[in-house]
Colleague: 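Below is a structure I'd like to ask you about.
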Amino acid sequence: MVSTDVPEQLKKFEIPDRITMLEGNGELPKIEVNSDWSTAEIYLQGAHVTDFQKKGEPPLLFTSQCSRFAVGQPIRGGIPVIFPWFSAREGMPSHGFVRISDWELHEATTVPDGGVSLRFGFSETALSATLPPYRANYVVTVTDQLTLELIITNASGDQNLNFEDCLHTYFAVEDINAVSVVGLKGLNYLDKVESFALKAESADALKIASEVDRIYLDATGPVEILDSKLRRKIRIDKSGSASTVVWNPWITKAQQMPDFFNDDYRQMLCVESGNVASNKIVLPPGKSSVLKVTLSSMPL
Ligand code: TA6
(Lines give C-alpha, C1' and ligand atoms only; values in the text may rest on other atoms or scores of the structure.)
Protein backbone atom coordinates (compact mmCIF):
# COMPACT_ATOMS: atom_id res chain seq x y z
CA MET A 1 0.00 0.00 0.00
CA VAL A 2 1.35 3.41 -0.96
CA SER A 3 2.13 5.28 2.31
CA THR A 4 0.30 8.61 2.46
CA ASP A 5 3.16 10.79 3.70
CA VAL A 6 6.62 11.28 2.29
CA PRO A 7 8.73 8.41 3.61
CA GLU A 8 12.31 9.16 4.63
CA GLN A 9 13.69 6.70 2.07
CA LEU A 10 12.23 8.95 -0.63
CA LYS A 11 13.68 12.14 0.79
CA LYS A 12 17.20 10.82 0.14
CA PHE A 13 16.60 11.16 -3.61
CA GLU A 14 16.01 14.90 -3.44
CA ILE A 15 18.34 17.14 -5.46
CA PRO A 16 18.14 20.87 -4.70
CA ASP A 17 16.25 22.79 -7.44
CA ARG A 18 15.84 19.57 -9.41
CA ILE A 19 13.93 16.91 -7.50
CA THR A 20 11.55 17.52 -4.58
CA MET A 21 9.41 14.95 -2.75
CA LEU A 22 6.02 16.18 -1.68
CA GLU A 23 2.68 15.01 -0.44
CA GLY A 24 0.46 15.33 -3.48
CA ASN A 25 -3.30 15.24 -3.99
CA GLY A 26 -5.02 12.71 -1.80
CA GLU A 27 -1.83 12.73 0.31
CA LEU A 28 -0.23 10.43 -2.24
CA PRO A 29 3.56 10.89 -2.44
CA LYS A 30 4.65 12.79 -5.56
CA ILE A 31 7.87 13.99 -7.11
CA GLU A 32 8.27 17.49 -8.54
CA VAL A 33 10.94 17.72 -11.22
CA ASN A 34 12.56 20.91 -12.46
CA SER A 35 14.90 20.82 -15.48
CA ASP A 36 16.49 23.74 -17.30
CA TRP A 37 13.65 23.63 -19.86
CA SER A 38 10.66 22.13 -18.20
CA THR A 39 8.86 20.93 -15.10
CA ALA A 40 7.17 17.62 -14.43
CA GLU A 41 5.18 15.87 -11.73
CA ILE A 42 5.18 12.12 -11.03
CA TYR A 43 3.16 10.15 -8.47
CA LEU A 44 4.74 7.05 -6.93
CA GLN A 45 1.44 5.24 -7.28
CA GLY A 46 1.55 3.95 -10.81
CA ALA A 47 4.85 5.83 -11.51
CA HIS A 48 2.27 8.13 -12.99
CA VAL A 49 3.47 11.28 -14.79
CA THR A 50 0.61 13.76 -14.29
CA ASP A 51 2.25 16.91 -15.65
CA PHE A 52 4.97 17.92 -18.13
CA GLN A 53 5.34 21.55 -19.16
CA LYS A 54 8.08 23.27 -21.12
CA LYS A 55 8.87 26.71 -19.71
CA GLY A 56 6.87 29.33 -21.60
CA GLU A 57 4.48 26.75 -23.09
CA PRO A 58 1.08 25.40 -21.99
CA PRO A 59 1.10 21.95 -20.32
CA LEU A 60 1.63 19.06 -22.74
CA LEU A 61 -0.42 16.61 -20.68
CA PHE A 62 -4.07 16.71 -19.58
CA THR A 63 -5.06 15.64 -16.08
CA SER A 64 -8.72 16.04 -15.11
CA GLN A 65 -9.44 18.37 -12.20
CA CYS A 66 -12.10 15.76 -11.37
CA SER A 67 -9.60 12.90 -11.13
CA ARG A 68 -9.45 10.75 -8.04
CA PHE A 69 -6.15 10.75 -6.15
CA ALA A 70 -6.68 7.78 -3.87
CA VAL A 71 -4.83 4.61 -2.90
CA GLY A 72 -5.57 1.86 -5.41
CA GLN A 73 -7.56 4.13 -7.75
CA PRO A 74 -6.42 5.12 -11.26
CA ILE A 75 -5.56 8.77 -11.95
CA ARG A 76 -7.61 10.26 -14.83
CA GLY A 77 -5.05 11.87 -17.07
CA GLY A 78 -1.30 12.21 -17.52
CA ILE A 79 0.41 8.98 -18.54
CA PRO A 80 -1.06 5.82 -16.99
CA VAL A 81 1.33 2.86 -17.31
CA ILE A 82 -0.65 -0.09 -18.62
CA PHE A 83 0.63 -3.63 -17.90
CA PRO A 84 0.16 -6.64 -18.08
CA TRP A 85 -3.15 -6.31 -19.95
CA PHE A 86 -4.86 -3.56 -21.90
CA SER A 87 -8.51 -2.66 -21.28
CA ALA A 88 -11.02 -4.85 -19.48
CA ARG A 89 -10.41 -8.34 -18.06
CA GLU A 90 -13.06 -10.31 -16.21
CA GLY A 91 -12.85 -9.75 -12.43
CA MET A 92 -9.59 -7.83 -12.71
CA PRO A 93 -8.72 -4.12 -12.72
CA SER A 94 -9.18 -2.42 -16.11
CA HIS A 95 -5.86 -1.79 -17.88
CA GLY A 96 -3.89 -4.06 -15.55
CA PHE A 97 -2.64 -3.46 -12.00
CA VAL A 98 0.58 -1.48 -12.19
CA ARG A 99 -1.17 1.90 -12.64
CA ILE A 100 -2.92 1.46 -9.26
CA SER A 101 -0.01 -0.05 -7.35
CA ASP A 102 3.25 0.83 -5.66
CA TRP A 103 6.34 1.67 -7.65
CA GLU A 104 9.63 2.33 -5.89
CA LEU A 105 12.06 5.03 -6.88
CA HIS A 106 15.42 3.35 -7.43
CA GLU A 107 17.47 6.13 -8.97
CA ALA A 108 17.24 9.90 -9.46
CA THR A 109 19.98 11.73 -11.32
CA THR A 110 20.68 14.89 -13.24
CA VAL A 111 21.60 14.30 -16.85
CA PRO A 112 24.01 16.41 -18.91
CA ASP A 113 22.82 19.90 -19.99
CA GLY A 114 20.25 20.36 -17.24
CA GLY A 115 17.89 17.40 -17.45
CA VAL A 116 16.70 14.94 -14.83
CA SER A 117 16.20 11.16 -15.04
CA LEU A 118 14.31 8.89 -12.64
CA ARG A 119 14.22 5.09 -12.61
CA PHE A 120 11.31 3.30 -10.98
CA GLY A 121 10.95 -0.38 -10.14
CA PHE A 122 7.68 -2.21 -9.68
CA SER A 123 7.35 -4.17 -6.48
CA GLU A 124 5.21 -7.20 -7.19
CA THR A 125 1.69 -7.44 -5.83
CA ALA A 126 -0.61 -10.37 -5.22
CA LEU A 127 -1.95 -9.97 -8.76
CA SER A 128 1.55 -10.57 -10.11
CA ALA A 129 1.02 -14.22 -9.26
CA THR A 130 -1.05 -14.46 -12.44
CA LEU A 131 2.23 -14.19 -14.37
CA PRO A 132 5.57 -15.99 -14.54
CA PRO A 133 8.31 -14.11 -12.60
CA TYR A 134 9.09 -10.77 -14.19
CA ARG A 135 10.69 -7.40 -13.49
CA ALA A 136 9.25 -4.06 -14.52
CA ASN A 137 11.31 -0.89 -14.67
CA TYR A 138 10.31 2.55 -15.85
CA VAL A 139 12.67 5.38 -16.70
CA VAL A 140 11.37 8.94 -16.99
CA THR A 141 13.77 11.55 -18.46
CA VAL A 142 12.79 15.21 -18.31
CA THR A 143 14.57 17.64 -20.63
CA ASP A 144 13.12 19.84 -23.39
CA GLN A 145 11.20 16.69 -24.21
CA LEU A 146 9.79 13.86 -22.14
CA THR A 147 11.25 10.40 -22.66
CA LEU A 148 9.65 7.30 -21.16
CA GLU A 149 10.99 3.74 -21.19
CA LEU A 150 9.03 0.76 -19.87
CA ILE A 151 11.36 -2.22 -19.55
CA ILE A 152 9.79 -5.62 -18.92
CA THR A 153 12.09 -8.57 -18.19
CA ASN A 154 11.01 -12.20 -18.16
CA ALA A 155 12.74 -13.48 -15.04
CA SER A 156 11.46 -17.01 -15.43
CA GLY A 157 13.81 -19.79 -16.48
CA ASP A 158 11.39 -21.72 -18.61
CA GLN A 159 8.13 -19.94 -19.34
CA ASN A 160 7.23 -17.31 -21.94
CA LEU A 161 5.79 -14.07 -20.53
CA ASN A 162 2.67 -13.03 -22.48
CA PHE A 163 1.46 -9.48 -21.92
CA GLU A 164 0.18 -6.22 -23.32
CA ASP A 165 1.70 -2.86 -22.40
CA CYS A 166 0.86 0.73 -23.18
CA LEU A 167 1.71 4.30 -22.20
CA HIS A 168 -1.83 5.68 -22.17
CA THR A 169 -0.96 9.35 -22.71
CA TYR A 170 -3.59 12.10 -22.27
CA PHE A 171 -2.48 15.14 -24.31
CA ALA A 172 -3.77 18.64 -23.57
CA VAL A 173 -5.40 20.42 -26.52
CA GLU A 174 -7.04 23.86 -26.68
CA ASP A 175 -10.15 22.70 -28.54
CA ILE A 176 -10.68 19.15 -29.79
CA ASN A 177 -12.56 20.53 -32.81
CA ALA A 178 -9.37 22.27 -33.99
CA VAL A 179 -7.09 19.25 -33.73
CA SER A 180 -5.96 16.70 -36.29
CA VAL A 181 -3.76 13.61 -36.03
CA VAL A 182 -1.31 12.59 -38.75
CA GLY A 183 0.75 9.45 -39.24
CA LEU A 184 -2.01 6.81 -39.23
CA LYS A 185 -3.07 6.72 -42.88
CA GLY A 186 -3.16 3.26 -44.47
CA LEU A 187 -3.07 1.42 -41.14
CA ASN A 188 -5.67 -1.14 -40.07
CA TYR A 189 -7.45 -0.51 -36.81
CA LEU A 190 -9.94 -2.15 -34.45
CA ASP A 191 -12.86 0.21 -33.89
CA LYS A 192 -14.03 -0.30 -30.30
CA VAL A 193 -16.99 2.02 -30.92
CA GLU A 194 -18.25 -0.53 -33.46
CA SER A 195 -17.54 -3.76 -31.58
CA PHE A 196 -13.89 -3.89 -32.61
CA ALA A 197 -14.74 -3.99 -36.32
CA LEU A 198 -11.51 -4.14 -38.41
CA LYS A 199 -11.16 -1.08 -40.64
CA ALA A 200 -8.48 0.78 -42.64
CA GLU A 201 -7.55 4.41 -41.99
CA SER A 202 -8.03 6.44 -45.16
CA ALA A 203 -7.71 9.96 -43.79
CA ASP A 204 -4.49 11.91 -44.33
CA ALA A 205 -5.29 13.74 -41.10
CA LEU A 206 -7.70 12.25 -38.57
CA LYS A 207 -10.25 14.73 -37.19
CA ILE A 208 -12.16 14.05 -33.92
CA ALA A 209 -15.86 14.88 -34.19
CA SER A 210 -17.46 12.03 -32.19
CA GLU A 211 -16.42 9.25 -29.79
CA VAL A 212 -13.19 7.72 -31.08
CA ASP A 213 -11.70 4.55 -29.60
CA ARG A 214 -9.35 2.83 -32.03
CA ILE A 215 -6.46 0.41 -31.79
CA TYR A 216 -4.17 0.94 -34.80
CA LEU A 217 -2.31 -2.30 -35.48
CA ASP A 218 1.26 -2.70 -36.75
CA ALA A 219 1.65 1.03 -36.18
CA THR A 220 5.36 1.53 -35.54
CA GLY A 221 5.85 5.04 -36.92
CA PRO A 222 5.70 8.52 -35.36
CA VAL A 223 2.41 10.34 -34.91
CA GLU A 224 1.80 14.08 -34.71
CA ILE A 225 -1.05 16.01 -33.10
CA LEU A 226 -1.64 19.34 -34.86
CA ASP A 227 -3.36 21.86 -32.56
CA SER A 228 -4.32 24.85 -34.72
CA LYS A 229 -5.79 26.83 -31.79
CA LEU A 230 -2.62 26.57 -29.67
CA ARG A 231 -0.53 26.69 -32.89
CA ARG A 232 1.38 23.70 -31.47
CA LYS A 233 2.52 20.42 -32.95
CA ILE A 234 3.03 17.54 -30.54
CA ARG A 235 5.25 14.75 -31.87
CA ILE A 236 5.23 11.18 -30.55
CA ASP A 237 8.30 9.17 -31.50
CA LYS A 238 8.53 5.60 -30.32
CA SER A 239 10.32 2.26 -30.51
CA GLY A 240 9.38 -1.19 -29.24
CA SER A 241 5.72 -0.39 -29.88
CA ALA A 242 3.54 -1.91 -32.62
CA SER A 243 0.20 -0.40 -31.61
CA THR A 244 -1.14 3.17 -31.44
CA VAL A 245 -4.43 3.79 -29.66
CA VAL A 246 -6.50 6.95 -30.23
CA TRP A 247 -9.25 7.79 -27.74
CA ASN A 248 -11.66 10.60 -27.01
CA PRO A 249 -14.81 9.66 -25.04
CA TRP A 250 -16.81 12.61 -26.50
CA ILE A 251 -20.07 13.81 -24.91
CA THR A 252 -22.03 10.77 -23.71
CA LYS A 253 -19.10 8.72 -22.35
CA ALA A 254 -17.71 11.86 -20.68
CA GLN A 255 -20.99 12.23 -18.79
CA GLN A 256 -20.74 8.61 -17.63
CA MET A 257 -17.19 8.94 -16.24
CA PRO A 258 -17.26 9.86 -12.51
CA ASP A 259 -13.69 11.18 -12.51
CA PHE A 260 -14.02 13.40 -15.59
CA PHE A 261 -15.91 16.70 -16.02
CA ASN A 262 -18.58 16.66 -18.77
CA ASP A 263 -16.61 19.17 -20.86
CA ASP A 264 -13.19 17.66 -20.28
CA TYR A 265 -13.42 15.79 -23.61
CA ARG A 266 -12.92 19.16 -25.37
CA GLN A 267 -9.44 19.64 -23.88
CA MET A 268 -7.88 16.20 -24.19
CA LEU A 269 -6.92 13.54 -26.68
CA CYS A 270 -5.31 10.21 -25.88
CA VAL A 271 -2.69 8.99 -28.33
CA GLU A 272 -1.23 5.91 -26.73
CA SER A 273 1.85 3.87 -27.60
CA GLY A 274 1.99 0.17 -26.76
CA ASN A 275 1.64 -3.44 -27.78
CA VAL A 276 -1.98 -4.55 -27.55
CA ALA A 277 -4.46 -6.98 -29.10
CA SER A 278 -2.77 -8.89 -31.96
CA ASN A 279 0.42 -6.91 -31.25
CA LYS A 280 0.72 -8.27 -27.73
CA ILE A 281 4.16 -9.48 -26.65
CA VAL A 282 5.35 -13.05 -26.11
CA LEU A 283 8.66 -12.63 -24.27
CA PRO A 284 10.96 -15.69 -24.02
CA PRO A 285 12.68 -16.55 -20.71
CA GLY A 286 15.47 -14.15 -19.76
CA LYS A 287 14.58 -11.63 -22.45
CA SER A 288 13.53 -7.99 -22.04
CA SER A 289 11.23 -5.70 -24.03
CA VAL A 290 11.66 -1.93 -24.08
CA LEU A 291 8.73 0.33 -24.93
CA LYS A 292 10.30 3.76 -25.50
CA VAL A 293 8.32 6.94 -26.21
CA THR A 294 9.63 10.47 -26.72
CA LEU A 295 7.17 13.36 -26.51
CA SER A 296 8.18 16.71 -27.96
CA SER A 297 6.43 19.87 -29.06
CA MET A 298 7.17 22.70 -31.45
CA PRO A 299 5.32 25.63 -32.99
CA LEU A 300 2.89 24.64 -35.73
O1 TA6 B 1 -7.34 3.47 -24.35
C2 TA6 B 1 -8.67 3.64 -24.63
C3 TA6 B 1 -9.50 2.92 -23.58
O4 TA6 B 1 -9.24 1.56 -23.59
C5 TA6 B 1 -10.97 3.27 -23.77
O6 TA6 B 1 -11.70 2.18 -24.22
C7 TA6 B 1 -11.43 3.76 -22.41
O8 TA6 B 1 -11.94 2.76 -21.64
C9 TA6 B 1 -10.13 4.31 -21.84
O10 TA6 B 1 -9.15 3.41 -22.27
C11 TA6 B 1 -10.08 4.61 -20.38
O12 TA6 B 1 -10.05 3.46 -19.62
P13 TA6 B 1 -10.15 3.60 -18.01
O14 TA6 B 1 -10.03 2.19 -17.49
O15 TA6 B 1 -8.99 4.47 -17.57
O16 TA6 B 1 -11.45 4.26 -17.70
Side-chain angles (χ1 to χ4, degrees), residues 25-26 28 43 45-50 61-101 127 148 150 163-173 176 179 181 184 187-199 201 206 208 210-217 219 223 225 236 238 241-262 264-280 291 293 295:
N25 295 338
L28 296 177
Y43 278 76
Q45 179 168 282
H48 199 128
V49 180
T50 50
L61 305 177
F62 167 90
T63 294
S64 175
Q65 297 302 308
C66 196
S67 176
R68 299 184 190 105
F69 283 88
V71 171
Q73 295 287 326
I75 293 171
R76 178 62 69 195
I79 309 177
V81 177
I82 309 299
F83 172 87
W85 58 81
F86 181 83
S87 202
R89 179 173 285 194
E90 187 75 28
M92 293 287 213
S94 166
H95 284 324
F97 48 77
V98 302
R99 68 171 177 167
I100 56 173
S101 308
L127 285 172
L148 312 146
L150 179 62
F163 64 91
E164 296 170 298
D165 60 3
C166 190
L167 298 179
H168 191 302
T169 309
Y170 290 70
F171 291 99
V173 298
I176 193 65
V179 160
V181 183
L184 301 167
L187 294 169
N188 287 335
Y189 65 91
L190 298 171
D191 188 348
K192 189 173 175 182
V193 177
E194 291 185 27
S195 314
F196 294 99
L198 183 63
K199 301 180 180 177
E201 183 56 69
L206 174 65
I208 313 292
S210 61
E211 180 187 359
V212 169
D213 196 349
R214 301 176 177 184
I215 299 173
Y216 288 86
L217 301 168
V223 170
I225 300 170
I236 304 153
K238 62 176 189 168
S241 163
S243 320
T244 293
V245 178
V246 178
W247 178 57
N248 185 291
W250 213 244
I251 299 168
T252 308
K253 281 273 171 58
Q255 289 165 351
Q256 295 161 355
M257 291 159 61
D259 56 352
F260 197 73
F261 285 124
N262 291 353
D264 275 349
Y265 75 94
R266 298 172 187 276
Q267 264 87 51
M268 57 71 66
L269 179 65
C270 285
V271 178
E272 312 161 27
S273 307
N275 299 285
V276 307
S278 56
N279 293 139
K280 71 176 185 288
L291 165 57
V293 175
L295 308 178

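Atoms within each ligand, like the ligands themselves, are counted from 1 in listed order. Since the model is a prediction, treat every value here as computed from it, not as a measurement. Hydrogens, waters and symmetry mates are skipped; everything else that's a heavy atom, side chains included, is used.
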Colleague: Under 4.0 Å from a heavy atom of Ser94: give me the atoms of ligand 1 that qualify, with their elements.
Modeller: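 It comes down to these atoms of ligand 1: 14 (O).
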
Colleague: Please report which non-hydrogen protein atom sits nearest to atom 8 (O) of ligand 1, along with the residue it belongs to and the distance in Å to one decimal place.
Modeller: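 Looking only at protein heavy atoms, the one closest to atom 8 (O) of ligand 1 is Lys192 NZ, 4.0 Å.
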
Colleague: Report, in ascending order of atom number, the atoms of ligand 1 lying under 4.0 Å from any heavy atom of Asp213.
Modeller: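 By the 4.0 Å cutoff, the relevant atoms are 2 (C), 5 (C), 6 (O).
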
Colleague: Only heavy atoms of Val245, strictly under 4.0 Å: list the atoms of ligand 1 that pass.
Modeller: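 Those of ligand 1 that fall under 4.0 Å from Val245 are 1 (O).
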
Colleague: Please answer whether the main-chain N or O of Gly78 pairs with a side-chain N or O of Thr63 as donor and acceptor at a distance below 3.5 Å.
Modeller: yes

Colleague: Just let me know how Glu211 lines up against ligand 1, side chain, backbone, both or neither, with a heavy-atom cut-off below 4.0 Å.
Modeller: neither

Colleague: Determine whether the side chain, the backbone, both or neither of Met257 has a heavy atom under 4.0 Å from any heavy atom of ligand 1.
Modeller: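 The answer is neither.
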
Colleague: Answer yes or no: is there a side-chain heavy-atom contact under 4.5 Å between Phe163 and Asn275?
Modeller: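 Phe163 does not reach Asn275 side chain to side chain.
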
Colleague: For the CD atom of Glu164 and the CG atom of Asn279, what is their distance to the nearest 0.5 Å?
Modeller: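 Taking CD in Glu164 and CG in Asn279, the distance rounds to 9.5 Å.
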
Colleague: Would you mind reporting whether Trp85 and Pro93 have side-chain heavy atoms less than 4.5 Å apart?
Modeller: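 A side-chain contact under 4.5 Å exists here.
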
Colleague: Hey, can you tell me if Phe260 and Phe62 have their rings parallel, tilted or perpendicular (30° and 60° cut-offs)?
Modeller: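 Phe260 vs Phe62 ring planes: perpendicular.
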
Colleague: Would you call the rings of His168 and Phe86 parallel, tilted or perpendicular if under 30° counts as parallel and over 60° as perpendicular?
Modeller: parallel

Colleague: To the closest 0.5 Å, what do you measure between OG (Ser94) and CD1 (Ile82)?
Modeller: 7.0 Å

Colleague: How close does the nearest protein non-hydrogen atom get to atom 3 (C) of ligand 1, and which residue and atom is it?
Modeller: His95 NE2, 3.7 Å

Colleague: For the residue pair Met268 and Pro249, establish whether any side-chain heavy-atom pair is separated by less than 4.5 Å.
Modeller: yes

Colleague: Do any nitrogen or oxygen atoms of Arg76 lie less than 3.5 angstrom from nitrogen or oxygen atoms of ligand 1?
Modeller: yes

Colleague: Hey, looking at atom 11 (C) of ligand 1, which of Phe86, Phe260, Trp247 has the closest heavy atom?
Modeller: Trp247

Colleague: Say whether Arg214 and ligand 1 are in contact under the criterion: heavy-atom distance to a ligand atom below 4.0 Å.
Modeller: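 Judged by the 4.0 Å heavy-atom criterion, Arg214 does not count as contacting ligand 1.
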
Colleague: Enumerate the atoms of ligand 1 whose separation from the nearest heavy atom of Glu272 is less than 4.0 angstrom.
Modeller: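 Contacts of ligand 1 toward Glu272, numbered from 1: 1 (O), 2 (C).
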
